[in-house]
Amino acid sequence: MRFEVLTLFPGMIETAFMNGVTGRAASNGIVSLDTVNIRDYCVNNYGSVDDYTYGGGAGMLMMCEPVYNAYLEAKKKAGDEACRVVYMTPQGEPYTQEKAAEFSKEEALIILCGHYEGIDERVLEEIVTDNISIGDYVLTGGELAALVVMDSVTRLLPGALGNDSSPDNESFSEELLEYPQYTRPGVWHEKEVPEILLSGDHKKVDQYRMREARRRTKERRPELYEKYLKKRGIF
Ligand code: SAH
């Protein structure tokens with residue numbers, strides 16, 4: 001899998017991605033990261049990439065041409081004609097684990113990060129295939145949002161977590177949040193680990209975990225729990 005990120009702040013993307021699990025996945029060749037600095041495609045000697053918005057209003061808007069030329073460069077590097085172009089925007093489809101799984105099947109993804117008030121609509125119309133939002137709030141730029149997508153996609157790639165089966169039982173994989181988990185010591189601040197987890201009876205442990213996952217989901221995410229019940233015809 002290959003990420004091509006169009007950004008005004010490549011350092012932000014590279015520093016964050018090259019740490020931890022995603023950094024290891026990159027070192028192991030499971031994923032590769034490349035950034036294209038939109039500033040390198042500025043329209044004049046002052047390095048301008050933004051301008052005032054037509055019709056007035058506060059703030060600056062990123063211009064078509066620098067974004068478009070940065071996109072052409074990323075597309076060439078990605079070497080994939082049909083490569084999806086994901087624009088990070090609060091006006092996009094809400095990002096989910098399902099979407100992460102879908103993206104993880106792509107050969108390459110071009111991810112576009114906006115700044116200031118956003119980007120001229122015309123270039124977005126021309127290049128973007130997916131508008132994705134990471135939540136109902138407004139960030140100063142698309143970099144943190146892009147990192148959320150890249151992180152969640154990378155950990156689904158075979159070998160990225162070092163144990164291929166680990167994403168299966170996780171939160172959201174079955175419309176359920178994950179059950180609570182414990183590690184050593186067995187007693188901490190007078191709190192004991194649930195006895196059943198020490199029993200060695202795998203069937204009982206599985207049942208306990210399922211019960212806890214349902215209970216937690218019902219309590220913390222009732223709307224998700226309803227979806228879970230509906231999908232299994234329990235409603
Ligand atoms: N004026 C725009 C917001 C611009 S925020 C509007 O009202 O829709 C600047 C940039 O930050 C955007 O271009 C986008 O790339 C990024 N961004 C902000 N909030 C985001 C969110 N919730 N999800 C994904 N990207 C976001």
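Order of listing sets the numbers, starting from 1, for every ligand and every atom in it.
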Answer side chain, backbone, both or neither: which part of [X] comes under 4.0 Å from ligand 1, heavy atoms only.
X	value
Tyr116	backbone
Thr89	backbone
Ala145	side chain
Leu112	neither
Ile119	neither

Distance filter under 4.0 Å to [X] heavy atoms, resulting ligand 1 atoms:
X	answer
Tyr137	19 (N), 21 (C), 22 (N)
Gly118	13 (O)
Gly141	10 (C), 11 (O), 16 (C)
Gly142	11 (O), 15 (O), 16 (C)
Ile132	24 (C)

Check this for me: does any side-chain nitrogen of one of [X] and [Y] sit under 4.0 Å from a carboxylate oxygen of the other?
X	Y	result
Arg155	Glu170	yes
Arg216	Glu219	no
Asp120	Arg122	yes
Arg2	Glu4	yes
Glu223	Lys218	no

Count the heavy atoms belonging to other residues, nucleotides or ligands that lie under 6.0 Å from CG of Asn44, then report whether that count exceeds 12.
-> yes
Find the distance between CD (Glu73) and OH (Tyr68) and round it off to the nearest 0.5 Å.
-> 13.0 Å
For Tyr95, is the nearest heavy atom under 4.0 Å from an atom of ligand 1?
-> no
May I ask whether Leu144 places a heavy atom under 4.0 Å from ligand 1?
-> no
Nearest-contact summary for [atom] - protein heavy atom, Å:
atom	value
atom 20 (C) of ligand 1	Pro90 CD, 3.4 Å
atom 12 (C) of ligand 1	Tyr87 OH, 3.8 Å
atom 6 (C) of ligand 1	Gln91 NE2, 3.6 Å
atom 5 (S) of ligand 1	Leu139 O, 3.3 Å

Are any of the N/O atoms in Val138 less than 3.5 Å from those in ligand 1?
-> no
For the residue pair Phe103 and Tyr95, does the interplanar ring angle fall in the parallel (under 30°), tilted (30 to 60°) or perpendicular (over 60°) class?
-> parallel
Can you label the angle between the Tyr228 ring and the Tyr225 ring as parallel, tilted or perpendicular, going by 30° and 60°?
-> parallel
Are the side chains of Met150 and Thr22 in touch, meaning some heavy atoms are under 4.5 Å apart?
-> no
Do the non-hydrogen side-chain atoms of Val49 and Tyr41 ever get within less than 4.5 Å of each other?
-> no
Evaluating non-hydrogen atoms only, which member of Met88, Glu117, Met62 is closest to atom 2 (C) of ligand 1?
-> Glu117
Only heavy atoms count here, so choose which of Ile134, Val86, Thr7, Leu61 is nearest to atom 23 (N) of ligand 1.
-> Ile134
In a check of side chain to side chain contact (heavy atoms under 4.5 Å, CB included) between Met1 and each of Ile30, Leu156, Leu109, which one passes?
-> Leu109
